[in-house]
Amino acid sequence: MEKRLTRYIWTHTRAQQLWILLVVAVSMIPYFLSFDLPKQIVNGPIQGAGFDTPGATQLFMDLNFDLPWIGNIVLFPGVELTRMQTLYALSLVFLLLVVINGLFKFYINTYKGRLGERLLRRIRFELVDRILRFPPNQFKRVKGAEISSMVKDEVEPLGGFTGDAFVSPALLGGQALTALFFIFMQNFWLGMIAAGMVAVQGVIIPRMRRRLLVLGRERQITARELAGRVSEIVEGIGAIHAYDTSNYERADIAHRLGRIFKIRYDLYQWKFLVKFINNFLAQLTPFLFYCVGGYLALQGRLDIGQLVAVISAYKDLPGPLKDLIDWDQTRQDVQVKYVQVVEQFTVEKILEPTVQTMAVARPAALKAPLAAVNLSLADDSGARLLERVSLQIHPGETIAIVGGAAGGGDALAEAFARLIWPESGKIVAGGDDLLELPESVTGRNISYASSDSYFFYGSLRDNLLYGLKHAPYKAAVYEGPGATQRKWEVLEAKMAGNPDFDTNSDWIDYEAASATHQEDLFAAILPVLDTVQLSTDILDLALRSTVDPAEHVDLAASIVEMRHALRKELEEEDLSSLVVSFEPGAYNTEATVGENLLFGTATGPTLRGRAISKNAYFRSVVGRTGLDSALFDMGYSIAENAVELFSDLPPDHPFFQQLTFMTADDIPLYQQLVQKLKGKGLDQASEEDRSSIIRLSFLYIEPRHRFGLLTDELMAKIVDVRREFHDGLPEDLQGAIERYDPEHYTASASLMDNVLFGRISHKHADGSKRIRAIVSTLLNTLGLHEQVLAIGLDFNVGAGGKRLTSFQRQKLNLARALVRRSEYYIFNRPLPGLDHRLQDEIVREVLNLVKRNGHNPAVVWVLSNAGLAHIFDRVMVFDRGMLVEDGTHATLVENNGIFKDMVSS
């Protein structure tokens with residue numbers, strides 16, 4: 001990258017800078033005229049110069065000049081005006097000049113801002129582009145938060161300075177020199193005073209501000225380090241909680257904040273001292289003008305108009321001068337920041353841009369074989385991971401790599417994926433060095449998966465198909481205002497040196513996924529999901545998801561039909577009692593008291609959770625029916641029973657898992673509450689205590705908790721209150737609850753809840769498992785399996801995929817590699833968390849999957865379980881960074897070498 005910021009700016013904005021400098025030069029003309037006009041107004045119509053007699057007139061706007069050999073040229077003969085008319089005319093010209101100068105400033109500042117934003121966009125893109133070309137080992141040395149902080153925050157001032165780099169000194173310097181020149185024209189000595197003060201400010205202030213630059217650099221570095229430290233806390237929060245080091249982290253952060261505070265406090269002190277001196281010098285000059293200029297005016301050596309004009313001109317001198325000094329400080333500051341950024345982003349062995357050139361057409365297959373030639377690998381400390389290994393992998397081979405964690409097989413797999421670069425030797429594909437081939441060739445012909453997976457924030461589908469997004473294969477179509485907006489975006493991208501790729505285009509390589517278009521893509525990826533046994537997980541995610549029936553009209557209608565099909569299926573299998581349905585006129589014993597009262601799903605905050613007990617309308621209904629007293633008594637009994645049964649148990653006792661209305665932490669609270677309310681009724685309890693007690697009754701389920709508190713009479717009363725509650729529901733609460741309707745889809749409920757339209761009975765120990773099996777079968781029978789699975793693919797995996805379990809992340813990572821058709825599949829212990837039986841099933845299914853449809857890729861699998869090696873064509877055994885055995889499974893077993901010991905152990 002260019003070392004000097006001004007040269008970088010000039011290189012990329014030369015034409016725009018020359019244009020704006022021309023505009024600045026032209027703007028000096030009306031700027032100068034605005035200085036001379038106050039003198040003409042004071043000396044002319046106000047003091048009467050040229051209007052010696054009543055009714056005298058003068059020519060206004062007489063524009064003529066003499067040229068050699070040509071003579072006098074008259075542009076405008078002028079207009080005869082009286083003294084009063086001249087006053088008004090000159091005043092209007094002054095106003096016009098104010099407007100013109102303002103418009104020049106508006107255009108210049110707007111143009112500078114646009115120019116700065118373009119270059120800021122260019123710099124940020126260039127930095128991210130360099131991050132994408134960093135060698136793999138560089139990412140082990142930098143903190144992501146620090147790098148992102150530099151791209152986001154530290155280059156921000158560079159964009160603001162871009163427009164000012166050449167324009168500001170020209171504009172501000174021009175304005176200052178114009179004002180100074182005008183003062184000299186009025187009086188030499190006043191001009192010398194102004195020039196002297198300008199020289200003093202120009203020397204003293206910049207010297208004092210050097211300290212500000214030093215403090216500014218320290219502030220920037222400490223702030224960047226703080227961002228990196230906070231990022232470490234977020235990423236290592238598990239270790240912090242596990243080892244009780246949160247207070248150590250607090251101490252470290254407090255120390256860093258204290259250091260930043262000290263730097264910023266010193267910065268403020270010095271900054272305002274400089275500002276005080278600068279302002280003092282700026283105000284000292286008018287004092288001298290009044291003294292010296294007044295003296296000269298009294299002596300008759302300076303007229304009043306000139307003095308007013310000088311003071312008026314000097315009024316515009318400190319501003320540009322101060323801004324010019326600020327510009328110089330900003331220039332030095334941003335140069336330092338730019339150098340720091342360049343240093344951080346200048347690394348050795350960075351990839352050439354041509355390696356990552358985008359290729360829309362599918363590249364040719366890698367030449368065979370894929371081979372390691374005298375390959376040696378080392379980690380960042382210099383320790384050898386692999387020592388002079390040579391081997392070949394031919395198309396169609398399935399190779400198992402076995403060995404310990406430090407054997408070297410893992411490192412070899414990473415080298416094939418270009419995640420580790422050779423210390424010596426090389427990896428070749430048919431003689432071509434893998435590192436010299438474009439990523440469009442290696443990145444599409446070699447698929448890699450390991451246990452170290454990362455997923456981007458977004459849907460499960462986006463992450464599953466991420467390996468297919470190589471180029472915009474089909475451009476997005478824009479119409480009307482959208483087309484105009486897109487043209488503007490393309491133009492601005494080109495002006496800023498950014499590619500004009502459109503993320504709204506279709507980036508999916510359907511051919512690589514064995515599909516032809518978006519419609520048959522799902523059918524192509526479904527076998528992959530089944531192979532890694534991820535379909536069941538995605539189906540569970542889908543059944544727990546909510547969908548908008550307005551967007552999925554057919555699916556919502558089909559789910560309602562499936563609801564009835566489920567009832568019929570349960571009846572045929574004599575399992576009608578497995579699900580207790582919601583009936584408008586009946587109490588659902590498997591649902592909570594709260595669910596029975598609402599008989600619907602709360603869609604707004606006014607009736608959701610604890611808010612319902614505070615809702616005025618709800619309280620009025622249960623109050624006038626007397627149900628509040630019954631619920632209070634029930635809640636008190638629940639609290640009393642819970643305290644008696646669980647108060648002596650440790651917090652981690654499994655019995656607490658059966659409580660839905662109370663946690664182990666709540667026991668002491670309710671223990672005090674029971675003592676406090678003993679022998680008291682609803683009316684004697686405080687509002688807060690009443691709410692805490694009634695809340696317990698809302699969460700009570702008789703078949704689950706079995707305290708014997710729900711009588712037939714109470715259940716009938718709850719149904720009556722429910723009816724009264726819904727019949728009188730005020731208009732402002734109409735949209736706050738979605739009632740259960742057996743013939744309609746409940747938008748605020750999950751897919752599973754819509755299918756069940758009830759609750760699973762607690763009488764059946766394996767009820768949930770049996771229901772899921774029946775629901776899964778019905779989805780296939782009714783042809784809804786793929787639609788529901790597609791809903792699961794919309795599940796947001798969260799930051800880094802952390803909303804998925806570790807097993808799900810491992811399966812998804814393997815599926816992401818298998819979704820695309822490649823010449824070589826490199827699997828580096830991708831499933832370490834799964835048990836051996838499940839690993840065995842998935843490995844076998846993966847090998848069968850990649851060999852289908854006449855495709856015959858090579859598969860290299862670094863195994864966590866050496867017992868699976870027999871299903872591969874060839875086995876490589878690594879030990880202490882060396883390839884010690886290579887052959888078929890049967891051959892290696894017969895050799896009685898290290899491999900036999902691994903298998904037998």
Side-chain angles (χ1 to χ4, degrees), residues 136-137 139-140 366 370-372 375-380 383-386 389 391 393 397-422 427 429 434-435 442-455 463 466-467 528 531-532 801 806-820 822-834 836 838-840 842-847 849-850 857-869 871-883 886 902:
N137 62 348
F139 294 100
K140 299 176 182 178
L366 279 175
L370 185 64
L375 181 66
S376 294
L377 302 173
D379 62 17
D380 283 349
R384 290 284 182 173
L385 303 175
L386 212 61
V389 169
L391 55 87
I393 300 170
E397 277 191 308
T398 59
I399 300 174
I401 294 179
V402 297
D410 306 69
L412 177 65
E414 291 181 355
F416 279 137
R418 305 210 306 189
L419 298 179
I420 297 181
W421 288 4
I427 296 177
L434 209 65
L435 289 180
T442 60
R444 302 186 198 185
N445 287 293
I446 300 176
S447 291
Y448 174 82
S450 70
S451 59
D452 186 17
S453 60
Y454 184 86
F455 300 104
N463 281 280
Y466 186 75
V528 174
T531 296
V532 299
S806 60
F807 295 160
Q808 290 171 341
R809 288 198 295 271
Q810 291 175 19
K811 292 177 182 178
L812 178 59
N813 193 39
L814 183 58
R816 179 165 61 181
L818 291 170
V819 156
R820 54 193 221 150
S822 299
E823 298 299 321
Y824 296 90
Y825 291 96
I826 313 295
F827 299 129
N828 188 3
R829 305 185 196 271
L831 306 169
L834 277 64
H836 290 336
L838 199 55
Q839 282 193 44
D840 187 289
I842 293 178
V843 170
R844 292 176 185 275
E845 288 298 320
V846 167
L847 294 179
L849 177 72
V850 298
V859 178
V860 179
W861 203 307
V862 183
L863 294 173
S864 301
N865 176 20
L868 297 176
I871 63 177
F872 290 84
D873 302 334
R874 181 177 162 198
V875 180
M876 296 181 183
V877 183
F878 284 82
D879 184 46
R880 298 178 184 179
M882 301 184 70
L883 177 61
D886 183 1
M902 290 181 179

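Values below: every heavy atom of this structure, side chains too, minus hydrogens, waters and symmetry copies.
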Please report the shortest heavy-atom distance between [X] and [Y], naming the atom on each side.
X	Y	answer
Gly404	Arg829	O-NH2, 3.4 Å
Leu377	Trp421	CD2-O, 4.0 Å
Ile420	Glu414	CD1-OE1, 2.9 Å
Ala429	Leu370	CB-CD1, 4.3 Å
Leu366	Glu823	N-CG, 4.5 Å
Leu434	Phe416	CD2-O, 3.5 Å

Got a second to check how far [X]'s [atom1] is from [Y]'s [atom2], nearest 0.5 Å?
X	Y	atom1	atom2	result
Ile871	Trp861	CD1	CH2	8.0 Å
Phe455	Asn813	CZ	CG	4.5 Å
Tyr448	Ile826	OH	CD1	9.0 Å
Ile446	Ser822	CD1	OG	8.5 Å
Ile399	Arg874	CD1	CZ	4.5 Å
Phe827	Ser447	CZ	OG	7.0 Å

Worked verdict on Ile401 versus Leu863 for side-chain contact (heavy atoms from CB on, under 4.5 Å): CA-CA 6 Å; Ile401 294 179; Leu863 294 173; over 6 Å; no
Verdict with supporting geometry, Phe807 and Leu831, side-chain contact (heavy atoms from CB on, under 4.5 Å): CA-CA 8 Å; Phe807 295 160; Leu831 306 169; over 6 Å; no
Hey, are the side chains of [X] and [Y] touching, using non-hydrogen atoms and a 4.5 Å cut-off?
X	Y	answer
Ser453	Leu814	no
Asp886	Val877	no
Val859	Glu397	no
Met882	Val389	no
Val843	Phe872	yes
Ser376	Arg384	yes

Worked verdict on Val860 versus Tyr825 for side-chain contact (heavy atoms from CB on, under 4.5 Å): CA-CA 6 Å; Val860 179; Tyr825 291 96; over 6 Å; no
Heavy-atom neighbours of Asp379 CG exceed 12 at 6.0 Å: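 Yes, enclosed.
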Under 3.5 Å donor-acceptor, Thr398 side chain and Asp873 backbone: yes
Main-chain N/O of His836 paired to Asn865 side chain as donor or acceptor, under 3.5 Å: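 Answer holds: no.
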